[in-house]
Amino acid sequence: MTKHQQKPASFLERLIFNNRPAVILVCLLISVFLFYQAAQVRPSTSFEKMIPLGHPYIQNMLQHRDDLANLGNTVRISVAAKDGDIFSKDYMETLRQIHDEVFYIQGVDRSNMKSLWSPSVRWTEVTEQGFAGGEVIPQTYDGSPESLDDLRSNILKSGQVGRLVANDFRSSIIDVPLMESYSDPEDRGKQIKLDYQQFSHELEEKIRDKYEAQNPNVEIHIIGFAKKVGDLIDGLVGVALFFFVAIGITLALLLWFTRCFKSTIAVVVTTLIAVAWQLGLLHTLGFGLDPYSMLVPFLVFAIGISHGVQKINGIAMASGETDDPLAAARMAFRQLFIPGMVALASDAVGFVTLLLIDIGVIRELAIGASLGVAVIILTNLILLPVAISYMGISQRAVKQARDEAARNHPFWRLLSNFANPIVAPISIVIALLAVGGGLWYGQNLKIGDLDQGAPELHPDSRYNLDNDFVISNYSTSSDVLVVMVKTAPEGCAHYDTLAAMDELMWKMENTEGVQSAVSMVTVARQSIKGMNEGSLKWETLSRNQFVLNSSIARAEGMYNSDCSLAPVLVFLNDHKAETLEHVVSAAREFAEENNREGLEFVLAAGNAGIEAATNEVIAASETTMLIAVYAAVSFMCLLTFRSVAATLCIVLPLVLTSILGNALMAFMGIGVKVATLPVIALGVGIGVDYGIYIYSRLESYLRQGMTLQDAYYETLKSTGKAVIFTGICLAIGVFTWVFSAIKFQADMGLMLTFMFLWNMVGAIWLLPALARFLIKPEKLRQKA
């Protein structure tokens with residue numbers, strides 16, 4: 001036995017192993033309760049969980065939500081004619097039926113829904129008798145050629161071409177604003193949260209499938225936040241399949257590694273128990289699974305396998321010295337419980353730092369990951385060795401452990417040269433070059449989306465193809481930045497207010513990345529021109545208040561009920577990070593220069609405003625979060641090993657991985673956003689496990705008087721092989737995500753694969769090189 005193994009049993013060890021039946025019974029009772037809770041977990045997300053509620057833009061938007069109809073959570077349904085245009089009886093009848101069908105879907109804000117069939121969509125024209133107007137589709141419409149000609153004329157006079165009607169007149173849009181919660185039809189006092197998955201399915205089944213089959217000449221395109229989230233939730237089924245594939249791969253590799261069926265099953269089962277407990281605790285606390293937190297069960301499984309492999313490896317080595325399974329389990333527990341606890345505590349503290357980010361889905365991910373780490377302490381650090389103390393390890397595995405301990409290993413001897421005084425400086429130089437290259441290329445890393453449409457989905461996904469159709473056929477894009485103009489009641493009609501809004505629109509339309517800008521000023525100018533025989537020279541704002549009052553009367557929906565708030569809609573080319581930053585900066589600069597008493601330009605609403613706020617929160621949180629993660633991990637290592645040098649040996653390889661990870665994201669065109677930001681922190685949390693296990697064993701051998709290279713050779717023989725196996729095993733498991741139908745999960749799979757492998761490489765290659773310069777073995781021996 002080693003000196004470390006001969007230490008007397010701790011109180012915790014005696015408590016656990018002297019009461020093994022009680023430990024198993026408690027775990028069984030917990031499992032019954034949490035397995036039932038886990039079975040109740042359902043996909044769950046909401047619009048507000050996806051946005052930074054504390055950001056001023058979002059607070060402004062929510063404060064004025066009731067005054068911003070159709071500018072929040074909205075779905076747009078484009079009904080296109082394959083042959084011909086929209087001016088046919090069959091097309092218009094299909095559009096009417098779709099409008100009516102959507103109207104009765106639960107969660108739709110019916111009062112603000114718009115299409116050509118909405119009474120609120122009107123036309124206006126100037127005649128010799130003055131203004132004339134009416135509904136675009138009048139009560140007298142009967143589908144006859146004459147009424148269709150009238151419809152064409154009304155649409156041209158409505159100003160809806162490029163907005164509700166495509167520029168080529170081959171499609172039209174139904175704008176469907178949604179409510180986050182709505183009254184239960186059976187109990188009006190009860191509020192029901194909008195189920196995005198169900199809503200998305202209703203759009204597919206009741207709208208797209210039904211009406212494309214009913215009218216073969218119609219093609220339906222659907223875009224909007226709710227549809228995108230619904231598609232992402234549907235992709236969870238595929239992710240669940242990848243989870244089972246990962247279990248199968250892990251099972252096969254573990255069996256090859258351990259040469260023991262019993263211990264392999266024990267590791268996998270206890271890890272799956274941890275996953276089930278984590279899901280059960282999530283449901284108990286009122287959380288569900290969303291497309292982003294779906295990552296957490298994989299992380300729990302990965303972390304559990306990592307610690308399980310270390311435990312089984314330790315028990316196998318101990319079994320080479322004793323034939324008693326209980327004694328072997330206790331020896332392994334005594335040796336590995338402290339490093340395991342430190343690693344898991346570091347994981348948990350690292351995950352908790354994600355709570356610094358003011359976005360609901362990321363905070364829920366942090367809570368879920370922290371819960372997972374907590375249950376692994378019970379399942380893999382306590383339950384697993386107790387179970388093995390009853391089951392034991394196969395004689396084949398014991399024989400292999402004894403042979404491994406007795407014979408020389410050329411491969412481990414070769415890798416131990418990383419601690420050689422000649423090789424170590426070369427490793428440090430290579431690492432420094434990698435840091436320099438990673439920092440240089442990592443400057444290309446962007447915050448936010450780098451592509452049009454929904455970057456969470458593949459470019460050829462149904463949603464992104466629908467989005468491309470809308471962008472290509474309508475003048476007003478789906479990316480809208482809304483600047484809210486606040487005044488005193490009835491103040492939005494004053495000339496000074498309208499003139500300032502007109503100036504803002506001019507500035508925004510001359511800003512790169514902007515398609516057009518629309519506000520009540522647009523309608524007022526057109527109305528004034530109409531009141532003056534359509535002369536272009538009168539297409540301007542009048543200083544006569546009575547004229548202005550008359551002109552904005554036709555701008556219904558462009559200001560609120562008491563004329564104290566009027567939105568300026570800025571339509572963007574896309575919502576790429578650079579576009580948003582440029583446009584928002586211009587709008588903010590204008591607001592700062594023109595805000596005064598009685599007139600305030602407030603940013604921002606619309607989906608582009610939400611994206612801009614999210615990008616700002618991520619940009620502000622990214623560095624803070626990374627500093628907090630590394631500070632927390634460093635503190636835990638410093639607390640455990642009481643050595644700055646040891647802490648540096650463990651943490652610096654993780655820093656290299658983070659830098660190279662950022663460079664990889666920049667190279668692949670992956671932006672830092674809600675989906676990818678947590679991966680950076682989680683990669684650090686998981687990677688620290690490797691360094692802690694390796695350094696703890698290395699230190700124990702150094703205390704026994706070995707040279708650094710010999711101590712590292714013994715470390716590789718015992719713990720190193722488990723670290724390498726774990727890194728490769730987990731990388732193969734998450735690499736299956738690359739084939740996910742959801743692009744951001746494919747990106748996360750690639751990033752996690754890289755981080756699992758590089759954290760393992762850093763622990764094996766760079767840690768001993770750093771130890772050569774930072775660790776003084778003689779001081780360790782003096783403390784022993």
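What's counted below: heavy atoms across the whole structure, side chains too, no hydrogens, waters or symmetry copies. We're numbering straight along the sequence, starting at 1.
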Between Gln37 and His283, is a side-chain hydrogen bond (donor to acceptor under 3.5 Å, both in side chains) present by the stated rule, with each step listed?
CA-CA 6 Å; Gln37 293 294 323; His283 183 262; 2.8 Å; yes
Could you walk me through whether Met179 and Leu194 satisfy the side-chain contact (heavy atoms from CB on, under 4.5 Å) test, starting with their C-alpha distance in whole Å, then the side-chain angles of each, then the deciding distance to 0.1 Å, before giving a yes or no?
CA-CA 7 Å; Met179 299 180 289; Leu194 180 63; over 6 Å; no
Please evaluate residues Ile610 and Met61 with respect to the criterion side-chain contact (heavy atoms from CB on, under 4.5 Å), reporting the C-alpha separation (whole Å), side-chain torsions for both, the decisive distance (0.1 Å), and the verdict.
CA-CA 9 Å; Ile610 294 169; Met61 183 192 74; 3.8 Å; yes
Under the side-chain contact (heavy atoms from CB on, under 4.5 Å) criterion, do Leu34 and Thr284 qualify, and how do the steps go?
CA-CA 8 Å; Leu34 291 181; Thr284 303; 4.2 Å; yes
Might you work through the side-chain contact (heavy atoms from CB on, under 4.5 Å) test for Val482 and Val568, ending with a clear yes or no?
CA-CA 6 Å; Val482 179; Val568 175; over 6 Å; no
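Ser172 and Tyr91 form a side-chain donor-acceptor contact under 3.5 Å, judged by distance and modelled atom types alone. No side-chain N or O of Asn167 forms a donor-acceptor pair with one of Asn473 less than 3.5 Å apart. Side-chain atoms of Arg588 and Tyr57 form a donor-acceptor pair, as typed in the model, at a separation below 3.5 Å. Using modelled atom types and a 3.5 Å distance limit, the side chains of Asn464 and Asn467 yield no donor-acceptor pair. Between the side chains of Glu611 and His575, no donor-acceptor pair of N or O atoms lies under 3.5 Å.
Taking all atoms of both residues into account, the shortest heavy-atom contact from Val121 to Ser115 is CG2-O, 3.1 Å. Residue Val584 comes nearest to Ala612 through the heavy atom pair CG2-CB, 3.6 Å, listed as atom of the first residue, atom of the second, then distance. For the pair Ser519 and Pro567, the tightest heavy-atom approach, listed with the atom from each and the gap, is CB-O, 3.7 Å.
In the displayed structure, Tyr36 atom OH is contacted under 6.0 Å by at most 12 heavy atoms of other residues, nucleotides or ligands. Atom CD of Gln191 is surrounded by more than 12 heavy atoms from other residues, nucleotides or ligands within 6.0 Å. No more than 12 heavy atoms of other residues, nucleotides or ligands shown are found within 6.0 angstrom of CZ on Phe735.
Side chains of Asn573 and Ile471 form no contact here, defined as non-hydrogen atoms less than 4.5 Å apart. A 4.5 Å side-chain heavy-atom check between Ile223 and Val75 finds every atom pair outside the cut-off. Between Leu232 and Leu457 there is a side-chain heavy-atom pair separated by less than 4.5 Å. Side-chain atoms of Arg363 and Leu354, non-hydrogen and from C-beta on, never get closer than 4.5 Å to each other. Side chains of Gln106 and Gln198 form no contact here, defined as non-hydrogen atoms less than 4.5 Å apart. In this structure the side chain of Phe571 never reaches within 4.5 angstrom of the side chain of Asp479, judged on heavy atoms. Using a 4.5 Å heavy-atom threshold, the side chains of Ile618 and Ile359 count as touching. Using a 4.5 Å heavy-atom threshold, the side chains of Val108 and Met113 count as touching.
Salt-bridge annotation for Arg208 and Glu101: absent, with no side-chain N of the basic residue lying under 4.0 Å from a carboxylate O of the acidic one. Note on Glu204 versus Arg462: no salt bridge recorded, every NZ/NE/NH1/NH2 to OD/OE distance being 4.0 Å or above. Looking at Glu578 and Lys446, a side-chain N of the basic residue comes within less than 4.0 Å of a carboxylate O on the acidic one, giving a salt bridge.
Checked by atom type and distance alone, the side chain of Ser461 pairs as donor or acceptor with a backbone atom of His458 at under 3.5 Å. A distance-only check finds a donor-acceptor pair linking the side chain of Asp358 to the backbone of Gly54 [under 3.5 Å]. A donor-acceptor distance shorter than 3.5 angstrom exists from the side chain of Asn607 to the backbone of Val480, with no hydrogens or angles considered. Although no hydrogens or angles enter the test, the distance criterion places no donor-acceptor pair under 3.5 Å between the side chain of Ser118 and the main chain of Ser120. Using a distance-only test at 3.5 Å, with no hydrogens or angles considered, a donor-acceptor pair links the side chain of Trp117 to the main chain of Met92. Although no hydrogens or angles enter the test, the distance criterion places no donor-acceptor pair under 3.5 Å between the side chain of Asn60 and the main chain of Ala604. Checked by atom type and distance alone, the side chain of Ser200 never pairs as donor or acceptor with a backbone atom of Gln197 at under 3.5 Å.
For Asp195, there are no salt bridge (charged side-chain N to carboxylate O under 4.0 Å, His left out) partners two or more places apart in sequence or in a different chain. Take Asp747 and apply the salt bridge (charged side-chain N to carboxylate O under 4.0 Å, His left out) test, not counting sequence neighbours, and it matches Lys743.
For Trp737 and Phe298, the ring centers sit closer than 6.0 Å to each other.
Taken from CE in Met665 to CZ in Phe754, the straight-line distance is 11.5 Å, to the nearest 0.5 Å. Here the CZ atom belonging to Phe301 is positioned 4.0 Å from the OG1 atom belonging to Thr250, to the nearest 0.5 angstrom. Going from atom CZ of Phe287 over to atom CG of Leu371 covers 8.0 Å, rounded to the nearest 0.5 Å. Rounded to the nearest 0.5 Å, atoms CE (Met625) and CD1 (Ile362) are 8.5 Å apart. Distance check: Leu355 CG to Glu364 CD gives 11.0 Å after rounding to the nearest 0.5 Å. In this structure, OG in Ser158 is found 7.5 Å from CG in Leu164, a value given to the nearest 0.5 Å.
Under the side-chain hydrogen bond (donor to acceptor under 3.5 Å, both in side chains) criterion, the residue pairs touching residues 213-223 are Thr94-Asn215, Gln97-Gln214, Glu219-His221, His221-Asp466, with sequence neighbours excluded.
Put simply, the residue from Val617, Val672, Leu580 that forms a side chain to side chain contact (heavy atoms under 4.5 Å, CB included) with Ile447 is Val672.
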